[in-house]
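To start, the structure under review is shown below, and the notes come after it.
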Amino acid sequence: QVQLVESGGGLVQPGGSLRLSCAASGRMFRANAMGWYRQAPGKERELVASIISTGSTNYADSVKGRFTISRDNAKNAVYLQMDNLKPEDTAVYLCNAQVLTIAMTNVDCWGQGTQVTVSS
């Protein structure tokens, strides 16, 4: 079983910064695409940022210029640096990874989520 463990959420004031971390562990060959989603009350889950193994990234329009996604392929880890946070960024942030298992099958894995609250 592959497990994603997230950390780094918390309460910050508008304009503040947080860095989220997520590491995949378990029986896998490697993580391919990795990303961060978020879900706020009353809203559907949305993709915040994603990154593939080559380093190519994709961002939601609402976070472009403020968030930076990165990864460490050797550690099967993904990070999200969030700067200039806004109240509308408040949500549960979930790590996602498309993992190639040791059985050579692709599975879509999710973390438990970490709360990010931006409030004055």
Side-chain angles (χ1 to χ4, degrees):
Q1 183 179 17
V2 177
Q3 188 173 23
L4 304 182
V5 180
E6 301 140 317
S7 63
L11 173 65
V12 296
Q13 291 185 319
S17 297
L18 286 173
R19 180 177 171 86
L20 305 183
S21 299
C22 173
S25 62
R27 294 181 175 270
M28 77 184 94
F29 185 73
R30 69 172 299 164
N32 294 323
M34 303 187 78
W36 292 93
Y37 289 72
R38 67 186 181 188
Q39 188 165 22
K43 298 185 180 295
E44 294 186 355
R45 185 175 299 178
E46 64 173 342
L47 176 66
V48 178
S50 64
I51 184 168
I52 59 177
S53 60
T54 58
S56 181
T57 59
N58 181 265
Y59 296 92
D61 289 340
S62 60
V63 307
K64 286 181 178 177
R66 300 188 297 119
F67 292 8
T68 303
I69 190 170
S70 61
R71 65 184 291 165
D72 185 331
N73 289 334
K75 297 180 179 179
N76 288 320
V78 63
Y79 311 93
L80 186 67
Q81 178 67 42
M82 304 185 294
D83 297 321
N84 192 23
L85 283 160
K86 302 176 180 179
E88 50 264 44
D89 295 319
T90 297
V92 174
Y93 284 71
L94 302 108
C95 180
N96 171 261
Q98 293 182 358
V99 174
L100 181 63
T101 70
I102 58 174
M104 303 304 289
T105 59
N106 280 304
V107 297
D108 197 23
C109 301
W110 293 90
Q112 78 286 350
T114 184
Q115 178 70 47
V116 172
T117 302
V118 185
S119 176
S120 60

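Since this is a predicted model, take the numbers as computed values, not measurements. We count residues from 1, following the sequence as given.
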Spatial distance of atom [atom1] ([X]) from atom [atom2] ([Y]) [nearest 0.5 Å]:
X	Y	atom1	atom2	result
Q13	S119	CD	OG	8.5 Å
Y37	L47	OH	CG	4.5 Å
C22	K75	SG	NZ	13.5 Å

Which atom pair, heavy atoms only, marks the closest approach of [X] to [Y]?
X	Y	answer
S21	W36	O-CH2, 3.6 Å
G35	I69	CA-CD1, 4.0 Å
S120	P14	N-CD, 3.7 Å
V48	V63	O-CG2, 3.6 Å
I52	R71	C-NH1, 3.3 Å
M28	A31	SD-N, 4.2 Å

Can you check whether [Y]'s main-chain N or O pairs, donor with acceptor, with [X]'s side chain at less than 3.5 Å?
X	Y	value
N73	S53	yes
N76	A24	no
E6	C95	yes
Y59	R66	no
T117	T90	no

Handout entry: Side-chain donor-acceptor pair present, D83, S17, cut-off under 3.5 Å
Key =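 Checked: D83/S17 side chains pair up, N/O donor to acceptor below 3.5 Å.
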Problem - Single hit among K86, E88, R38 for side-chain hydrogen bond (donor to acceptor under 3.5 Å, both in side chains) with S62 - result: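 Passing option: R38.
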Are [X] and [Y] connected, step by step, through hydrophobic side chains (Ile, Leu, Val, Met, Phe, Trp, Tyr) whose heavy atoms are closer than 4.5 Å?
X	Y	value
I51	Y79	no
Y93	V12	yes
L20	V118	yes

Problem - side chain to side chain contact (heavy atoms under 4.5 Å, CB included) partner of C109, chosen from T101, V2, N96 - result: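 When T101, V2, N96 are each tested with C109, the side chain to side chain contact (heavy atoms under 4.5 Å, CB included) holds only for V2.
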Practice task
Evaluate the side-chain proximity of R45 to L94: yes if any heavy-atom separation is below 4.5 Å, no if none is.
Solution key: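 Yes, side chains in contact.
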Problem - Test item: L18 and F67 side chains (from C-beta on) under 4.5 Å apart, heavy atoms - result: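 Of all side-chain heavy-atom pairs linking F67 with L18, none is under 4.5 Å.
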